[in-house]
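Please read the structure below before turning to the comments.
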Amino acid sequence: PLGLGMGSGGCGRWEEEKKEDGVKWMQLEHRGPYFVPLYEPLPEDVQFYYDGKPLKLSLATEEIATFYAKMLHHEYTTKEIFQNNFFHDWRKGMTSEEQEIIKDLDKCDFREIHKYFVEQNEARKALPKEEKQKLKEEADKIQEEYGYCILDGHREKIANFKTEPPGLFRGRGEHPKMGMLKKRIMPEDVTINCSRDSKIPEPPEGHKWKEVRFDNTVTWLASWTENINNSLKYIMLNPSSKLKGEKDWQKYEVARRLKDVVHEIRAQYRRDWKSKEIKKRQRAVALYFIDKLALRAGNEKEEGETADTVGCCSLRVEHIQLHPQLDGQEHVVEFDFLGKDSIRYYNKVSVEKPVFRNLQLFMKNKDPTDDLFDHLTTTFLNKHLQHLMDGLTAKVFRTYNASITLQEQLKALTNPEDNVAGKLLSYNRANRAVAILCNHQRSIPKTFAKSMQVLQEKIDTKKKQVEEAQEEVKKAEDEYEDTKDAKAEANVEKKKKLLKRLEEQLAKLNIQATDKEENKQIALGTSKLNYLDPRISVAWCKKFGIPIERIYNKTQREKFAWAIDMAGEDFEF
DNA sequence: CGCACGGACTCAGAAATTTAGAT
DNA sequence: CATCTAAATTTCTGAGTCCGTGC
């Protein structure tokens with residue numbers, strides 16, 4: 001229905017007969033989820049201690065105890081909320097006798113159990129090669145049996161074919177539910193979705209499914225309700241599948257359509273800044289942020305159920321500060337809030353004057369904890385966007401701005417004279433510009449400082465070698481001056497060649513160091529995988545003769561097969 | 001008929017595992 | 001060539017967005 005235009009190339013796999021509205025497949029057959037192994041009790045000599053005395057736990061109580069014991073040295077277990085939630089749920093699982101004894105988490109000693117698991121891990125690592133090989137083969141067999149399905153005649157990889165094992169819930173950031181017990185998923189919890197006439201998956205022996213349904217308007221193979229947030233979890237296809245690939249393609253086509261109308265939309269929200277309706281003004285300012293800063297929409301969240309994070313529409317007064325003047329800039333807005341996954345967004349932005357004025361108005365007579373856009377919801381915003389362009393929602397701006405930024409940055413940064421390493425540095429820098437725009441961060445790798453130092457030492461060594469080689473060249477040249485014999489001439493060439501090689505190695509190391517430093521706190525993967533139209537990258541590779549393997553690994557090439565197939569070097573986003 | 005709510009899907013960084021490269 | 005180590009890749013599952021529906 002979207003009328004997707006084919007790029008150059010074109011291939012059978014990505015163009016197929018249209019299905020009825022909302023229908024996702026005609027045939028779906030699979031084996032159902034793979035259930036993670038049941039709990040194995042601890043050996044007799046591994047004991048739990050309460051108040052200094054060994055205490056034999058019932059099987060269910062012991063299992064939950066092991067979840068905590070495994071995390072003993074994790075920062076989580078030091079948090080009061082984690083401890084309280086864990087202890088509350090643990091006690092619920094205890095027998096009444098155990099409840100009578102175990103009343104204080106501080107008196108619980110899990111150290112021996114913890115030590116046992118550490119040793120188990122080490123033992124597994126130290127296994128002889130053949131044993132490891134055997135384990136791998138077993139895993140491969142499971143993957144082979146449960147990891148694929150048949151969808152409309154194609155064998156497709158499944159993303160998550162295993163049920164999630166039980167354990168303690170670990171939310172991101174200050175999550176009020178951290179430490180709660182995540183229950184084991186049983187076949188009786190699972191709904192299977194497949195085609196009516198397919199081989200219906202067998203539940204494990206002695207069990208039955210909660211339900212088997214035949215709904216071809218959805219893409220999931222199985223689902224269950226998890227007990228922490230009482231929400232659904234799904235088993236779905238791998239990104240390499242045709243179904244997901246087409247959806248991905250469609251996403252970028254919508255973003256490309258935004259390119260045609262974005263100027264009009266920008267003109268529109270600038271007009272709306274002056275509207276008499278406060279609601280319209282708020283919508284226009286929010287949209288300006290979404291467009292300029294690539295903020296997320298920011299749906300309302302249930303208070304106390306999740307970590308306190310916000311997006312654009314849910315920003316509170318306390319999340320911004322207004323500076324009429326700052327560091328030589330006018331109308332500066334200082335943002336400081338926790339976004340998705342409790343990742344901090346911190347930014348100082350000079351905004352257009354009407355935006356600044358409006359923000360002052362929106363903040364007037366409000367408490368810090370009041371909503372900045374108190375008359376705005378994501379539904380209202382998206383209704384408006386839908387009206388401006390078919391399929392337009394707030395998130396499309398992120399996709400659009402990310403992809404257009406990559407394209408522009410590649411154009412600006414790529415030097416055709418550079419070698420492959422130099423061009424790849426440019427690519428990474430363009431990718432990095434997008435990651436910064438989208439605020440994709442990672443924690444600085446634990447070994448960062450050390451490995452940076454090692455690299456710096458390598459550079460210093462190489463520098464010395466280059467200097468020595470330069471002297472060697474000079475010496476050889478002097479000798480040739482004196483002797484003029486062929487052997488000396490050959491020696492000069494040899495030394496020059498060596499020098500050139502060393503200089504190239506040094507340049508490469510320097511590039512590596514620059515890249516590493518610039519990248520230490522930036523996560524490139526998320527934008528590469530979810531925001532950047534892969535056809536831009538494919539075209540860039542073709543244009544500059546960079547092998548596609550240098551920017552996409554195997555998994556990424558599988559996910560972006562559609563783009564690799566269809567994009568020529570002249571593709572424009 | 002507006003809106004809460006559930007459902008289905010994309011997007012997210014940490015942790016685990018594997019691979020490659022240095023010694 | 002073996003072994004250690006860091007980087008790359010894969011796995012995992014939580015956290016968002018957005019839509020349809022039912023009251």
Side-chain angles (χ1 to χ4, degrees), chain A residues 22 24 36 71 74-76 121 124-125 129 132 135-136 139 143 147 159-165 167 169-173 175 177-178 182 191 193 215 217-220 223 225-226 228-239 243-244 247-248 250-251 296-302 305-307 309-314 338-343 377-383 385-386 391-399 402 435 438-443 445-448 450-452 454-455 458 512 516 519 521-531 552-556 558:
Chain A
K24 306 290 169 55
V36 292
M71 303 169 95
H74 198 286
E75 202 207 328
Y76 274 103
N121 272 336
R124 201 164 39 84
K125 273 186 211 150
K129 252 191 199 142
K132 279 187 182 166
L135 286 173
K136 190 165 185 302
Q143 163 80 38
N160 56 326
F161 60 90
K162 290 176 182 166
T163 60
E164 292 172 17
F169 177 79
R170 310 152 77 133
R172 306 275 170 85
H175 198 115
K177 298 189 178 186
M178 64 169 85
K182 215 175 90 160
T191 300
N193 191 34
D215 183 355
T217 68
V218 295
T219 65
W220 52 268
S223 69
T225 302
E226 53 87 30
I228 302 290
N229 299 300
N230 202 240
S231 67
L232 284 159
K233 294 253 182 178
Y234 302 95
I235 290 184
M236 288 193 188
L237 293 181
N238 189 273
L243 191 74
K244 293 285 189 192
K247 197 77 193 300
D248 208 30
Q250 201 179 90
K251 174 180 79 182
R296 295 185 186 82
N299 289 308
E300 315 87 301
K301 303 168 54 170
E302 220 175 325
E305 294 289 303
T306 62
T309 64
V310 296
C312 186
C313 295
S314 50
L338 297 182
K340 182 177 180 179
D341 289 324
S342 293
I343 298 293
T377 65
T378 53
T379 311
F380 181 65
L381 174 63
N382 279 333
K383 282 248 173 69
L385 294 176
Q386 183 60 237
L392 186 61
T393 62
K395 81 194 267 283
V396 178
F397 281 87
R398 253 168 100 79
T399 310
C438 295
N439 199 227
H440 291 142
Q441 299 190 26
R442 60 168 183 175
S443 45
K446 282 190 190 73
T447 55
F448 183 84
K450 203 179 132 224
S451 69
M452 200 65 200
V454 169
L455 187 57
K458 263 191 207 163
Q512 224 182 73
K516 199 184 174 87
N519 227 21
Q521 217 166 342
I522 313 285
L524 298 183
T526 305
S527 51
K528 203 172 183 177
L529 237 49
N530 301 300
Y531 288 101
Y552 289 143
N553 66 36
K554 186 168 142 285
T555 312
Q556 293 164 341
E558 279 166 10

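Proteins come first, then strands; the chains are lettered A, B, ... in the order of their sequence lines, and each starts at number 1.
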Seminar exercise, completed: In short, A:K24 meets A:L243 closest at the heavy-atom pair O-CD1, 3.5 Å
Problem set entry | Sugar-phosphate, base or nothing in reach of A:P165, heavy atoms under 4.0 Å | sugar-phosphate
Exercise. How is A:T378 classified with respect to the nucleic acid when contacts are heavy atoms under 4.0 Å: base, sugar-phosphate, or nothing?
Worked result: nothing
Exercise. So what does A:D341 touch, heavy atoms closer than 4.0 Å: a base, only the sugar-phosphate, or nothing?
Worked result: sugar-phosphate
Exercise. Heavy atoms under 4.0 Å, any strand shown: does A:E226 hit a base, just sugar-phosphate, or nothing?
Worked result: nothing
For this session: Specify the separation, in whole Å, of atom NZ of A:K125 and atom P of B:dT18.
Result: 12 Å
Exercise. What does A:K177 touch in the nucleic acid at a heavy-atom separation under 4.0 angstrom: a base, only the sugar-phosphate, or nothing?
Worked result: nothing
Seminar exercise, completed: When A:L232 and A:N439 are each assigned the nearest nucleotide of DNA chain B, the 5'-most assignment goes to A:L232
Exercise. Phosphate oxygens OP1/OP2 of B:dA12: is one of them under 4.0 Å from a side-chain N or O of A:Y531?
Worked result: yes
Exercise. Reckon A:K244 has a side-chain N or O less than 4.0 Å from the OP1 or OP2 of B:dT10?
Worked result: yes
For this session: Would you indicate which nucleotide in B:dA12, B:dT17, B:dA8 comes nearest to any side-chain atom of A:M236?
Result: B:dA8
Exercise. Touch check for A:T379, heavy atoms < 4.0 angstrom, all strands: base, sugar-phosphate only, or nothing?
Worked result: nothing
For this session: Could you tell me whether A:K340 contacts a base, only the sugar-phosphate backbone, or nothing, with contacts defined as non-hydrogen atoms closer than 4.0 Å?
Result: base
Exercise. Checking all strands, does A:K301 fall into the base, sugar-phosphate, or nothing category for heavy-atom contacts under 4.0 angstrom?
Worked result: sugar-phosphate
Exercise. Given A:S314 and A:E300, is the side-chain hydrogen bond (donor to acceptor under 3.5 Å, both in side chains) satisfied, shown in steps?
Worked result: CA-CA 6 Å; A:S314 50; A:E300 315 87 301; over 6 Å; no
Exercise. More 5' along DNA chain C: A:A394 or A:N229, using each one's nearest nucleotide?
Worked result: A:N229
For this session: Just say parallel, tilted or perpendicular for the rings of A:Y234 and A:W220, cut-offs at 30° and 60°.
Result: tilted
Problem set entry | Shortest non-hydrogen contact from A:Y76 toward A:M178 | CD2-SD, 4.2 Å
Exercise. Within the structure shown, what part of the strands sits under 4.0 Å from A:G298 by heavy-atom distance: base, sugar-phosphate, or nothing?
Worked result: sugar-phosphate
For this session: Measure the shortest side-chain to side-chain distance between A:H440 and A:I343 over non-hydrogen atoms and say whether it is less than 4.5 angstrom.
Result: no
Problem set entry | Touch class at under 4.0 angstrom, heavy-atom based, for A:I343 against every strand present | sugar-phosphate
For this session: Between A:R170 and A:K251, just flag the one whose closest nucleotide in DNA chain B comes earlier from the 5' side.
Result: A:K251
For this session: Mind checking A:K383 for me? I need base, sugar-phosphate or nothing, with any heavy atom below 4.0 Å counting as a touch.
Result: nothing
For this session: Report which part of the nucleic acid A:S223 touches: base, sugar-phosphate, or nothing (heavy-atom distance under 4.0 Å, all strands).
Result: nothing
Exercise. Is the phosphate of B:dG7, meaning OP1 or OP2, less than 4.0 Å from a side-chain N or O of A:S231?
Worked result: no
Exercise. Is atom NZ of A:K132 surrounded by more than 12 heavy atoms (other residues, nucleotides or ligands) closer than 6.0 Å?
Worked result: yes
Problem set entry | Any A:H74 side-chain nitrogen or oxygen under 4.0 Å from OP1 or OP2 of B:dA14 | no
For this session: Remember a base hit wins even if backbone is also touched, and classify A:A307 as base, sugar-phosphate or nothing at under 4.0 Å, heavy atoms.
Result: nothing
For this session: Grab the two heavy atoms, one from A:S223 and one from A:L232, that are nearest each other, plus how far apart they are.
Result: OG-CD2, 4.3 Å
Seminar exercise, completed: In short, A:L385 meets A:T393 closest at the heavy-atom pair CD1-C, 3.5 Å
Exercise. A:K24 near the nucleic acid: base, sugar-phosphate alone, or nothing, with a heavy-atom cut-off under 4.0 Å?
Worked result: sugar-phosphate
Seminar exercise, completed: Here the gap from A:N229 atom CG to A:E302 atom CD, rounded to the nearest 0.5 Å, amounts to 9.5 Å
Exercise. Taking the side chain of A:R442 as heavy atoms from C-beta outward, which of B:dA14, B:dG7, B:dT10 is closest to it?
Worked result: B:dA14
Problem set entry | chain A footprint on DNA chain C, 5' to 3' - any atom under 4.0 Å from a heavy atom | C:dA6 to C:dC19
